[in-house]
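Below, each value reflects all heavy atoms present in this structure, side chains not excepted, and no hydrogens, waters or symmetry copies. Chain identifiers are assigned alphabetically (A, B, ...) following the order of the sequence lines, protein sequences preceding nucleic acid strands; residue numbering begins at 1 within each chain. Everything numeric in this text was worked out from a predicted model, so none of it was measured.
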Amino acid sequence: MAEELNMQKIEAKWQKKWEKEKIFEANPNNKKKFFINFPYPYLNGYLHLGHAFSSVRVDVMARYKRMQGFNVLFPQGWHYTGTPVWAAAQRIKEKEPKQIKMMKAMGFLDKDIGKFSDIQHWADVFVPAAKDDFSKLGNSIDWRRSFITTSMNPPYDKFVCWQFRKLKEKGLVVTGEHPVVWCPKDNMPIGDHDRGEGEGETTQDFIWIKFRMKNSDLILMAGTTRPDALYGQTNLWVDPKGDYVVVKVKDEKWVVGKEVVDKIKNQYCPEVKIVEKIDPKQLIGQWVKGPLVNNEIHILPAHFIKSNIGSGIVYSALEDPVDLYELKKIQSDKTYIKNFNLDEKEVKRLKPIFIIKVSGMEENLGESIGKEFGVKSDKDVNQLEVAKGELNKRVFRKGVMNSNCGICAGKSVPEAQIILKKKLVDEKDAIMFYELSGKVVCRCLTPAIVKVVSDQWYLKYGDKNWKKSTHKELDKMKLYPEAVRPQFNYVLDWLNDWACTHHHGAGTKLPWDNKWVIESLSDSTIYMAYYTISHLIKDIPEDKITDELFDYVFLGKGSGKKEWKKLKEEFEYWYPIDIRSSGKDLVQNHLSFCLFNHSAIFPEKQWPGGFSVNGWLLVNGEKMSKSKGNFFTIREMLEKYPADVIRANLMFGGEGIDDPNFDFSNVDLLIQKLKNWADFATTNYKTAKGSKEETNSDLIFQHHLNGCLKLGSEAMENMMFRTAFDKLFNQMQRALKDYINRGHTNQKVINDFIEIQTKVIAPFCPHITEEIWEKLGNKGFISLAKWPAADESKINPKFDQEEQIIEKVASDINNILKIVLEKQGVKKTKAYIYVLPNELNLYNESIDLIKKKTNLEITVFAVNDKSKYDPESKSGKTKPGKPAIHLE
RNA sequence: GCUGGGGUACCGAAGCGGUCAAACGGGACAGACUCAAGAUCUGUUGGCUUAGUGCCUUCGCAGGUUCAAGUCCUGCCUCCAGCACCA
């Protein structure tokens, strides 16, 4: 027995050796290269187990490729761009109690917390901590190339500026306007996770249609989400008790609800002015003319209209059950008509115009849905709301515009909406308007509004040509797993222009417009290229880092300076990136942005080789969260468990796009298994007893070994690390167990196995395997040893069959034993197995196995051995693969 | 609501037209070893049966295609991720 292993001690030992020998510092040479990494984490605290999963996945691949003889580069940087840390620093400056409590929870002393009011201090604390965590986890990172983002790191800052100037030269950064959820007090947008209340709420697109009043210069603005229904407009609704005003907007006079004036100010026209109040009575009964149809329509009162919601005015289309039943009420109520001074003839004349056909429904949609939901009158408010919602759903999914709908005839409703929005806005018959989908409150407790930000800078991801070349890039790329391709294809088409600048936060200032800071997803799209030179650029004086340098290094433009040559060589050697690995949540933004920016800036030969996408780490089957109490930082895990075990258990937790699960119940088991292996390998290498000749038993074992090795290597290649670990460790161990149980071992076979087994788990458990490797008498690192190739000539399915035969015989014997004992109460101690002569060897070599499984004395006879075979016995007949059995 | 990916025995998970009562790993139960525990090894783990067999019921739910369906098609339920200016 070897002395008890202290895994933690071993890990420190090997980490020191790796560092001393610089074996993970990768420099260009004449070997084939392999460049892999994952997005730099945002360091607003200590790294957690989820980061461990992402990094170890990359590390296992890096180590596997290294053992395959590749020159592997695995660098690691850290992200500081954006608002969270910046805002937290502000809050510490303001001594906000909640933030201070959070810092205390992270373990900082009162006297030190104040220092975190400077974002640089966050980096000073968390960057070394993160490096330490990843190193202790055994990640094979080239730390010389590490860097942080933002203006805290001037060379990187200049790199991002260069990137943006390139994009601008190509016309891919443009200004525009867009709606954001906005805090009027802080005067900045409130991101979804940055709210006091209202997470998940977004801005909703509305369109305000202009209805021009007859014999007047007034325009009534009616808000809607359904421009398609304009073809069926019958009248306008106003709130008879509402407060309406006339406002001057640019050179038009609009009639809107009094309370919506501020919204117009924020979203459309900052100079909007109220001209006068207007009584709704002055509006009711008037005639207006809306777009798309030629007839004029009436203005009618409706109790369900509120002048402070939307624009305060709505147009009516009688396919809507709410409108329909309201009109029915008015038509049948003479006093009402009289009270409002309406023209009875005109009111009675109104009836639904059928503009949309929905399969499975009658022509009169409002009537039809009303009946279905049991609506009797306008008083059934609840049913009406439900019916309206259901109808909208059906219309959106199945509705087709009728022939009376002009340019939209025959189109689906969603298509018609897109066409009409554009047409109406272009022809100045409408403006886009936005509302919050629900209540949002800023952290400063101010209710949020929607603001349309103008002169915002965009990356033109909506550009058709850009999309096209990005698709081409995607098509060429390898995806791990391939199943994510449909999602990528969808996202590339769906992505629209991206607001790439912010008012506040840490980052790089937009080079040509200093009031903007480049937003955090946009400064991280091509920085993998920066890793190739990040260690060298540190030696170049800041003022010598120019666009010419980047042009020369990355694009091969110009003749370049002598001291830039090395940078260019590094870039051209390492680029493109071979695999970028990330969580599935980043498919729709970061990874897709990475594709877009590469296709814009780099030539085709430097487009990424592959993306790997994985799920989100669960702990004991649950999402990791601080509130659930199952949140683990890497450092606290490393205090309790060996890195090799954490690594292996993470990788065995899951693969592909499914969420992997870190199951604590496996941890002790894994520690035991690894220690057992270390013990077995070191005690049996070159000392095990056994024959020299190769027997059937050896062949069966080698069959399994090579089978596992083949499947395991394939899984490694595809980053399917659960399968890989299963084949390369669990299954191989099973094969070894069976081999030993057979009782015929061979020293050379055992030696080979020990070497192979130790090597193939090295990417998962690098420390303990280094230790074993050293104890076996090897001089170099196992991290640099050659990955074993499967010997396919040793794989022969016939061995599987033979094994099954032996299994079956053993299980048959057990079955019979049980029955005999139950029925007759007799205990048997010996079994005689009668086999065909050509099977004798197979059985004799497996005799120990059968013994072990049955706990009997076993004797095997060939059937031609007449002296031992009693044909009168009721044990049955011997056939190929099916021996006769006799128990005594 | 939309887009993509899932739902398999106690749990995790393979299988993607017949060789499937369903690999593999945990767990549980029983046995061997041990003074004992742990570790290790062996067996059992849908039901009923049988001197080594045969049958029945199962792979989210409900239908369908087929001589044959976890495996293909349709509808539904349900879980995960994303749905934008945000890391």
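Rounded to a whole angstrom, the distance from the C1' atom of B:rU53 to that of B:rG60 is 34 Å. Between B:rG27 and B:rC76, the distance separating the two C1' atoms is 34 Å to the nearest Å. Here the separation of B:rG31 from B:rA23, taken at their P atoms, is 25 Å to the nearest Å. Spacing between B:rC48 and B:rU58 at atom C1', rounded to whole Å, works out to 15 Å. A distance of about 16 Å separates the C1' atoms of B:rG64 and B:rG17, rounded to the whole Å. B:rU71 sits 11 Å from B:rC61 when the P atoms are compared, rounded to a whole Å. Of the C1' atoms belonging to B:rU44 and B:rA81, the separation is 40 Å, rounded to the nearest Å. For the P atoms, the distance linking B:rG54 with B:rA22 amounts to 13 Å, nearest Å.
No salt bridge links A:K623 with A:D659; every basic N to acidic carboxylate O contact stays at or beyond 4.0 Å. A:K808 has a carboxylate O that lies under 4.0 Å from a charged side-chain N of A:D812, or vice versa, which qualifies the two as a salt bridge.
Between A:Q672 and A:V484, it is A:V484 whose nearest contact on RNA chain B lies nearer the 5' terminus.
For A:N496, there are no side-chain hydrogen bond (donor to acceptor under 3.5 Å, both in side chains) partners at least two apart in sequence or on another chain.
Considering only the side chain of A:I657, B:rG5 comes nearest among B:rG82, B:rC86, B:rG5. Across B:rU3, B:rA39, B:rA87, the shortest atom-to-atom separation from the side chain of A:N676 is found for B:rA39. The side chain of A:I885 has B:rG52 as its nearest neighbour among B:rG82, B:rG52, B:rA87. Of the candidates B:rU3, B:rA13, B:rC85, B:rC85 carries the atom nearest the A:A499 side chain, counting heavy atoms from C-beta on. For A:K623, counting side-chain heavy atoms from C-beta on, the closest listed nucleotide (B:rG4, B:rA84, B:rC80) is B:rC80.
Within 4.0 Å (heavy atoms only), A:T854 reaches no atom of the nucleic acid at all. Contacts of A:H590 with the nucleic acid, taken as non-hydrogen atoms under 4.0 Å apart, are absent. No engagement by A:N661 is indicated, since no non-hydrogen atom pair under 4.0 Å with the nucleic acid exists. Among the heavy atoms of the strands lying under 4.0 Å from A:L521 is at least one base atom, whether or not backbone atoms are also near.
Spacing between atom NZ of A:K584 and atom C1' of B:rG82 amounts to 10 Å, rounded to whole angstrom units. For A:L650 and B:rG12, the CG to P distance is 19 Å, given to the nearest whole Å. With rounding to whole Å, A:L670 atom CG is found 14 Å from B:rA39 atom P. Going from atom CD1 of A:I813 over to atom P of B:rG52 covers 14 Å, rounded to whole Å. Following rounding to the nearest Å, A:L495 (CG) and B:rC86 (P) show an atom-to-atom distance of 16 Å. Counting to the nearest Å, the P atom of B:rG12 and the CD atom of A:E655 are 16 Å from each other. Rounded to an integer number of Å, the gap from CG of A:D585 to P of B:rA87 is 14 Å. Protein atom CG of A:L674 is 15 Å distant from nucleotide atom C1' of B:rA39, rounded to whole Å.
Checked against A:L674 for a side chain to side chain contact (heavy atoms under 4.5 Å, CB included), the options A:L669, A:V645, A:D679 give a single hit: A:V645.
Judged by distance alone, the side chain of A:E655 and the main-chain N or O of A:T723 form a donor-acceptor pair under 3.5 Å. Checked by atom type and distance alone, the side chain of A:Y80 pairs as donor or acceptor with a backbone atom of A:W122 at under 3.5 Å.
For B:rU53, one of the phosphate oxygens OP1 or OP2 lies less than 4.0 angstrom from a side-chain nitrogen or oxygen of A:K808. Taking side-chain N and O atoms only, A:T83 has a distance below 4.0 Å to OP1 or OP2 of B:rA87.
A donor atom on one side chain and an acceptor atom on the other are not found under 3.5 Å apart for A:Y40 and A:T149.
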Taking it one step at a time, do A:V613 and A:L591 satisfy side chain to side chain contact (heavy atoms under 4.5 Å, CB included)? CA-CA 9 Å; A:V613 177; A:L591 289 173; 4.0 Å; yes
With ring pair (Phe, Tyr, Trp, His ring centres under 6.0 Å) as the criterion, how do A:F662 and A:F664 come out once you've worked through the C-alpha distance, each side chain's angles and the decisive distance to 0.1 Å? CA-CA 6 Å; A:F662 189 92; A:F664 274 91; 5.0 Å; yes
Expected string for nucleotides 20-33 of chain B under the B/S/- scheme (protein heavy atoms, under 4.0 Å, primed atoms plus P, OP1, OP2 as sugar-phosphate) is ----SSS-------
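In this structure, B:rG70 is classed as syn because its glycosidic torsion stays within 90° of zero.
The aromatic rings of A:F701 and A:Y739 lie parallel to each other, with less than 30° between the two planes, well short of the 60° mark. Ring orientation note: the planes of A:F799 and A:H703 are tilted relative to one another, at an angle of 30° to 60°.
The shortest distance between side-chain heavy atoms of A:W516 and A:H502 does not fall below 4.5 Å.
For B:rA87, the base has a donor-acceptor partner in the side chain of A:N589 [N/O atoms by modelled type, under 3.5 angstrom].
Stem regions annotated for RNA chain B: B:1-7 with B:77-83, B:10-12 with B:24-26, B:27-32 with B:40-45, B:46-48 with B:54-56, B:60-64 with B:72-76, counting only runs of 3 or more consecutive pairs of Watson-Crick or G-U type with both contacts under 3.5 Å.
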